[in-house]
Every structure is written in structure tokens, then in C-alpha cells.
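As C-alpha cells, the structure follows; a few thoughts come after it.
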Amino acid sequence: MKLGLKSICLAGAIFLMACAQNKEAEEVDYRLKWLFNVSTVGDLYAENRGYFMRHGLKVNVKPGGPERDALKELELGHAQFGVASADQVLRAAAKGAPILVLAQLFQVNPLHWIYRPDQISFSSGDDLKGKRIGVTFGGNDEAILRALLARYGIAENQVTLFSVRYDYMPFYEKRVDFWPLYLNAQAVIIGEKLEKAGEPFAFLSPDQLGVRFVANSVVTTREMVEKRPETVKRFLAALLEGWRDALDPRHEEQAIQVLLEADRETPEAVVRRQLPVTRELMLPPAGIAFGTIDTAAWKQTEAILRSQKLIPGPVDVESLLFTFK
Amino acid sequence: MLHRRIYQFLIIYAIGLGLLLALKYGLNLSDYVIPSPDEIVRTGRSYGGPYLLAVLNTLAVAILGHILAIGLATLVAVIGRLTAWIGSFIRTAAYNIQAYPIVAVAPIIFILLGDGLQSRLLIAAMICYFPLLLSFIGVFSEPIREIEHFYESTGRMTWRLQIKIRAFENIQKLTTVIVGSATMAMVGTIVAEFIAATAGIGYSIRIALYQSDLAKILVALFWIGVGTSFYLVSLEWVGNALQKRLRSL
Amino acid sequence: MPLEGRHISYRYPNSAGEVFTDLNFRLNSPGFHALFGPSGVGKTTLARMLSGAIKGYAGEMIENEMRRVLYTYNLERLPGWSNVRVHFEEVAPAADRRRMEELIETFDIADQAGSRFHRLSLGQQNRANLIRYLLQEFDLLIMDESLANVDELTREKIILKIKAVYPERCFLYISHNVAEVAKFCSQVFVLRSPSRSPQLVAAQGCDHREGDESDPGRLERAMLEIVHAA
């Protein structure tokens with residue numbers, strides 16, 4: 001009987017401690033840019049492996065999608081943190097949205113174009129002339145492509161632009177020379193198909209051609225930074241820790257398991273091939289901390305958008321990029 | 001003098017816009033979330049013309065698809081009245097298929113037929129075909145005994161006469177379903193374009209969404225409303241003129 | 001013998017009781033006859049059997065010379081896309097145009113013949129419908145309340161005209177008006193409920209024609225016979 005009473009008291013104490021801990025954990029919502037996939041591995045890892053909890057935060061990591069805009073949700077108070085690409089951030093800032101960038105996830109934009117090197121000779125940007133290039137009109141890839149064309153002095157009538165949807169048939173059927181895709185996502189799947197067909201493939205990297213267009217970055221509102229700086233600090237610390245560990249090859253198995261639990265659509269074999277590619281695109285050069293904001297790349301992105309009249313006027317990039325002192 | 005339907009649309013549009021702006025200034029939202037009146041006007045000036053052309057493009061496809069659907073529904077409904085078995089089968093099939101969201105099939109159609117006019121036309125036709133078919137088959141299969149009895153008894157009944165009697169007696173019902181399905185044709189075409197096309201106002205809205213540009217979407221919605229209202233007004237006018245001519249002395 | 005029914009029995013589908021039990025009748029000669037009886041006794045059902053619209057009854061229907069039997073009822077309508085005269089012209093052979101005009105005149109719808117059917121009053125509609133049947137080829141025309149909503153004087157005029165113009169044809173007039181059937185009809189078939197035997201009794205009407213002297217005594221006897229039979 002004594003043992004029974006002791007057990008009850010112990011259980012009660014543990015329960016109370018758990019309640020107390022939960023009571024202390026501050027709850028925030030974190031809206032991602034897209035659905036759960038390999039580009040969100042660090043976000044999921046941080047949540048799943050308790051990084052946020054250890055910093056006293058209960059973070060609801062919510063998937064994005066075509067109908068979601070993290071920046072609008074931040075402004076409307078539906079989320080406290082979000083992920084958005086630089087063009088989204090700059091468009092919003094140009095219209096007065098009170099957004100700040102806390103960290104940059106992709107150091108190299110995953111957007112590339114796949115092509116067949118045995119059929120297309122391509123050694124520099126000039127070789128884009130006369131080619132049939134797939135583009136999503138209105139999307140990032142259109143802005144990047146136009147920047148490439150401008151950089152190499154190629155007029156639009158010197159290339160053939162092919163409007164891209166979701167199916168890759170035009171590329172498989174060789175009706176298009178260059179097809180846009182994300183290096184760490186569709187490239188793995190398409191590459192595998194071409195491999196099986198014995199067709200060599202290569203990737204056009206805008207980054208290597210001198211067009212740096214910043215991709216996914218972590219954002220919050222000015223109000224959060226001003227009124228809840230401690231929350232922002234703790235969130236960022238936990239998030240970046242989670243990302244670093246998720247991208248660490250030593251934790252690859254755990255990272256893959258976390259991803260597979262959240263993303264049930266992508267086969268495991270594909271995820272295993274996507275993760276190393278993601279690592280390469282996201283990790284900064286040695287000696288630079290993960291998540292560091294590349295101000296020069298942001299300025300170039302702003303210049304590209306301005307030159308293509310995708311933003312109405314100049315945006316003071318440096319005022320958007322926030323670092324805790 | 002604008003038709004009352006156009007006025008109704010303009011009033012609803014103005015109210016909607018007013019509510020949006022009230023929300024914007026009430027909650028102090030930036031132009032990114034809800035654009036300012038200035039931006040809406042600027043966007044209207046820059047994109048009004050291209051969007052009007054895009055709406056006319058979509059409307060042309062919707063009208064053509066609608067006409068195709070009416071023609072096909074008439075043909076199938078006429079065949080469907082041949083025997084009770086065929087009519088029953090067609091009716092059951094149409095009832096079940098029409099519950100299926102045709103726009104979900106849109107991507108498959110675009111993959112198989114490509115981006116061109118034929119895909120959008122097929123989707124526009126499919127969207128309004130089944131409700132039209134159900135109504136038409138109901139009308140053409142239902143005997144009007146008080147009129148048909150004489151012709152049946154005296155051996156004068158032909159299938160053409162039977163269709164003519166049933167169509168004439170139900171002209172109001174037929175007009176109503178045709179006008180109603182016109183809206184479906186327009187909406188369906190826009191959604192199909194949004195999902196998978198490279199032309200039309202639905203496609204323009206998709207691009208505007210990529211760019212999170214609500215001002216562009218508002219301009220697009222304005223022209224969609226105007227275009228659809230004009231189409232419905234025209235259909236109602238044709239329907240009324242037809243009924244008047246048939247009933248006049 | 002034009003038309004005879006022997007041992008006719010019939011039950012409505014999904015119904016417990018029979019509407020006709022061992023019904024027998026004989027339509028002797030061309031002329032203007034009547035089918036009389038209370039509401040719901042089965043007059044319309046019998047009429048539709050005679051016209052061939054209802055089959056699946058027990059017993060025998062012997063047509064003899066009655067090959068073309070037409071049945072018309074008071075709720076019929078003409079199509080609304082052209083006026084009444086145009087409809088008559090479409091359903092009447094060219095040779096019968098004179099007869100058509102006569103009927104239009106006698107039936108008192110000359111002023112309405114150029115209008116669409118829906119613009120006519122109920123009585124005018126019934127008359128217009130009857131005219132188009134009269135313009136057809138038939139051996140027997142069954143008129144089910146075809147002169148409902150028509151005033152008495154006009155009804156009389158119409159019946160006398162029909163008898164004068166079509167003496168060689170057979171008519172079966174379904175009506176609730178005992179005086180009318182007693183006066184104008186030759187044979188009056190009184191239909192009774194299935195529990196009564198015989199279910200159909202034939203009475204003799206006055207068969208009054210145009211130009212005949214009126215005989216109130218004979219009329220009264222005929223009416224009594226009919227009422228008594230019913």
C-alpha cells in the first residue's frame with residue numbers, strides 16, 4: 001500500500017512539472033513557404049526533436065502552399081514567423097509591409113534549368129541565344145531568366161520562351177531545351193528518369209552565371225522584434241540549431257525519418273537523394289554561420305526586380321535585414 | 001442605359017471593394033495585404049486593357065463551349081427519349097458524372113490535348129453539359145399528354161413534332177437552365193485556365209497570385225463581372241425575345 | 001353490328017377491386033349515343049378501352065366495322081406556336097376546308113380562330129379541340145366531357161350540327177347531363193358500379209334531330225328510364 005501511495009505521488013509530481021513546463025512554453029505559429037518537403041527539413045527537425053521546447057517555445061510549424069502567403073499571415077497576426085523568398089519579401093516591403101528578415105536558408109537558389117548536354121552546347125550565358133527555354137510566367141524563374149538574358153545582352157526575341165505547367169512531357173519529348181526545376185526537389189526525380197533512359201543531363205545554375213536571386217528566408221514583423229525581442233531571439237536560436245543539426249551528415253538518418261513522417265508523398269529513396277543536394281545549397285562556406293544573410297545577394301535581387309519593374313520603386317534592403325547585435 | 005444586371009454587379013463590386021478598404025484602414029494593413037485605392041486605379045489603367053482582352057478571350061471560349069454543350073445535350077436528350085431504358089441510363093450516368101468536379105479533370109485534359117483552344121473549349125463544354133443534359137432529358141422525355149394525345153391517336157405524331165411540342169411547352173424552363181449554365185461555363189473556363197492554361201483571364205489571375213498582387217486580381221474580377229453580366233443579359237434577351245415571338249398574336 | 005364488348009372485366013394495376021365485372025354492351029348502329037353514369041364509375045376507363053389505349057383486360061372486344069376509334073377529352077390543348085385556324089388547316093385535308101369553316105361558324109369560334117389557343121376561353125378551347133377531331137377520319141368518336149364549359153344553347157347547336165353533318169358516323173358522348181343525353185342521344189349506356197349486375201344497362205334516348213318536333217312526354221320517360229337504370 002505504501003508503494004502504491006508513493007507511485008501516485010510521483011506520478012502526480014511529474015504531471016505537475018509537465019503542466020508547469022507547458023505553462024511556461026510560449027506558443028507561436030510558424031508558416032512555411034510550401035508544403036512539407038526536403039526544403040523544410042530543418043524546420044521540422046527543430047520542432048520534432050524538441051529544439052523549440054528547450055528554448056521555452058511551443059512552435060506550430062504549418063505547411064505553406066499555393067494559396068498561402070506567410071507575409072500576409074504575419075501582417076494579419078495569424079503567424080508570428082514565416083518563410084518567404086526574397087522576391088516576396090521585397091514586393092511586400094515595397095508596399096509598406098512591416099517585415100524583417102531574420103535568416104537566409106538557401107545560400108544558393110535551388111532554381112536551376114535542366115538540359116541535355118549531348119544535344120545542347122552550353123558553356124556560358126551567351127549560349128542561351130536561339131534556345132527554347134521553359135519558364136513559369138509570373139514566377140521566380142521568369143524574373144531570374146530575364147535577369148540572365150539582360151546580363152548577357154540577349155533580347156527576348158532571340159530566345160523562345162515556353163510556358164511551363166506542372167507536367168514535364170514537353171521536356172521529355174525534347175520540345176524544350178531548358179526546363180526550370182528545383183535542384184533539390186524535381187531534379188532528383190527527372191534526373192533519375194533520364195538516367196534510366198540513358199540520357200545525360202546537366203544543370204544551368206543562374207548563381208554560377210552571376211545572377212544571384214535569394215530564395216527562402218525566415219521572416220517576422222517589426223512589431224515582433226520591437227515588442228517581443230526575447231521570443232524572436234529564442235525562436236531564431238532554436239531554429240538555426242535545428243537546421244544545423246538536420247543538415248549535419250551525422251544526423252542524416254534522423255532527419256530523413258522526421259521528413260518521411262511529415263511528407264508522406266515523396267518516396268524514401270527520393271528523399272535520401274534530395275537531402276545531400278539540399279545540404280549543398282543551404283550550407284554557407286566554412287567559417288560562416290548557418291542562416292547568415294548575404295546582403296550583396298539581396299541587393300542584387302532587389303536590382304533585378306526593380307529593373308524588371310516588378311517592384312514600383314527602390315527598396316532599402318539593409319533596413320529589411322535584421323541581425324541581433 | 002445599362003441593364004439592371006450590370007448595375008447590380010457594379011453595386012456588388014463597389015460594396016465588396018468598400019468592405020476591403022474598410023478592413024484595410026480599420027486594421028491598418030499595408031498595401032501588400034490590401035492595395036490602396038491609388039494602386040488599384042494605377043493597376044486598372046495599366047492592366048485594364050490586357051485584362052479586358054483576356055476576359056473576352058475567356059468569354060469567347062465559354063460561349064463556344066456553352067453552345068457546344070447545348071447542341072450535344074439536345075442531341076443526346078433527343079436520343080434519350082427513344083426508349084425508357086436508354087433515357088434512364090443516360091439520366092443516371094449524367095446525374096452521377098455531374099457530381100464529379102470536372103475542373104479536377106482539367107489537368108489531365110491539358111496534358112492530353114495541350115494548351116490550345118481545344119482543351120479550354122472541352123472543359124467549358126463539359127462543365128455545363130451535364131446539368132443541361134439532365135434538364136433537357138427531363139423535358140424531352142416527359143410527355144405533354146394534353147397536346148400529344150391528338151397526334152398519337154390520329155397517327156400524325158413524329159419524333160420532330162414530339163420534340164417541338166415538349167420544347168415549346170417548356171421554353172421557360174429551358175431558357176432558365178441555359179442562362180444558369182452560362183455562368184457555369186464562364187466560371188469553369190476561368191478555373192480551368194487558372195489550373196493549367198496559358199491564355200485567358202484565369203491564367204492572368206494565376207500570375208497575379210504568384211505575385212501576390214491583389215490589385216491585379218481586383219481588376220480581373222471587375223472585367224470578369226462585366227463580361228459575365230453582358231453575356232447573361234444577352235442570353236436573357238434572346239430567351240425573352242424568343243418567348244415573346246412564340247406567344248404573340 | 002358495329003361494336004360489341006363481351007364479359008369485360010378489368011382491375012387497375014396495383015388495385016384490390018375490379019372496376020368492371022363481366023361487362024357487356026352492344027353498340028348497334030351509327031348515331032349519336034351516350035355513356036352515362038356517376039363520377040368515378042369508370043366511364044373514362046371504358047372509353048379508353050374502346051379506343052385501344054387500355055389493354056390487358058379480360059373478355060372480348062369485337063370491333064367489326066369500328067376500326068378507327070378516336071377518344072377526345074376536355075383537357076386537351078392545341079400547340080401554342082400558331083393560331084387555331086392554322087392548326088385546323090394542318091390536320092384537315094384540303095377537301096374538307098369548307099366543312100372546317102362550317103364547323104368554325106356553327107361552333108361559334110369564328111372570331112377567335114385567328115388567335116392562339118391560350119387566348120381562348122375554356123369553352124372556346126373545348127370547341128376548337130372538338131372541331132379538329134371532327135375533321136379526322138373515324139368510325140367512332142368518343143367525346144369525354146368535350147362540351148364542358150359551353151353554354152346550353154351552343155351545346156344544343158353543336159350536337160345537332162354533328163348529327164346533321166355526320167349521320168353515318170358513330171359518336172359516344174360522355175356527359176353528366178341526364179336531360180341532354182335523354183334528348184339528343186339514341187342509345188344511352190348507363191354504367192353502374194361493379195357490385196350491380198348487369199353493370200351496363202342500355203336505355204333509349206329521344207335522338208332528337210334538327211327540325212324534329214319537341215316531345216316533352218317522351219323526353220320525361222327517357223330521363224326516368226336513365227335515372228332509374230343509374
Side-chain angles (χ1 to χ4, degrees), chain A residues 33-34 64-78 82 84-85 87-99 134-143 161-170 172-173 175-176 219 221-223 305 308-313 315 320, chain B residues 20 23-43 45-47 50-51 54 104 106-116 119-120 191-217 220:
Chain A
K33 181 170 155 59
W34 196 247
E67 73 285 0
R68 297 228 175 268
D69 183 335
L71 298 174
K72 288 193 172 131
E73 291 202 18
L74 286 177
E75 198 172 335
L76 290 165
H78 298 152
S85 53
D87 59 305
Q88 284 182 297
V89 172
L90 290 166
R91 278 203 181 94
K95 291 187 180 176
I99 298 295
V135 69
T136 316
F137 286 109
N140 289 355
D141 50 322
E142 186 188 359
L161 298 184
F162 185 96
S163 177
V164 154
R165 284 189 321 272
Y166 39 76
D167 83 291
Y168 310 118
M169 290 310 292
Y172 290 139
E173 290 167 356
R175 288 188 276 135
V176 179
V219 291
T221 57
R222 286 186 193 278
E223 195 180 341
L305 293 179
Q308 294 182 29
K309 297 190 172 44
L310 296 171
I311 47 176
V315 173
L320 286 179
Chain B
L20 266 180
L23 206 63
K24 173 188 171 67
Y25 294 116
L27 297 177
N28 198 25
L29 299 172
S30 72
D31 289 355
Y32 180 66
V33 178
I34 297 177
S36 63
D38 267 348
E39 187 182 341
I40 296 171
V41 169
R42 262 199 322 271
T43 309
R45 283 210 189 103
S46 309
Y47 288 90
Y51 279 6
I108 301 171
I109 291 173
F110 278 104
I111 288 173
L112 293 174
L113 297 180
D115 282 343
S119 302
R120 293 193 291 149
V191 174
E193 286 168 356
F194 179 87
I195 291 173
T198 52
I201 195 68
Y203 174 61
S204 305
I205 291 176
R206 186 169 95 225
I207 293 179
L209 273 176
Y210 279 155
Q211 298 164 343
S212 275
D213 195 333
L214 186 54
K216 278 187 182 166
I217 292 169

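Quick note on labels: first sequence line is chain A, next is B, and so on, each numbered from 1.
Closest approach of A:Gly138 and B:Tyr210 over heavy atoms only: O-CB, 3.4 Å.
Neither the backbone nor the side chain of B:Leu209 has a heavy atom closer than 4.5 Å to any heavy atom of chain A.
If you check the side chains of B:Ser30 and A:Glu75, you find a donor sitting under 3.5 Å from an acceptor.
Between the CG atom of B:Leu27 and the CG atom of A:Leu76 there is a distance of 7.5 Å, given to the nearest 0.5 Å. Atom OG of B:Ser212 is separated from atom CD of A:Gln88 by 6.0 Å, given to the nearest 0.5 angstrom.
The environment of CD in A:Glu223 is sparse: at most 12 heavy-atom neighbours from other residues, nucleotides or ligands sit within 6.0 Å. The number of heavy-atom neighbours closer than 6.0 Å to CZ of B:Phe194, taken from other residues, nucleotides and ligands shown, is above 12.
Under the 3.5 Å distance criterion, the side-chain polar atoms of B:Gln211 are left unmatched by any main-chain donor or acceptor of A:Gly139.
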Inset, instruction - Might you work through the side-chain contact (heavy atoms from CB on, under 4.5 Å) test for B:Tyr32 and A:Ile99, ending with a clear yes or no? - result: CA-CA 11 Å; B:Tyr32 180 66; A:Ile99 298 295; over 6 Å; no
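Among B:Ile195, B:Val33, B:Ile34, the residue with the largest count of heavy-atom pairs under 4.5 Å with chain A is B:Val33.
Remark: B:Asp213 engages A:Lys95 in a salt bridge, criterion side-chain N to carboxylate O under 4.0 Å.
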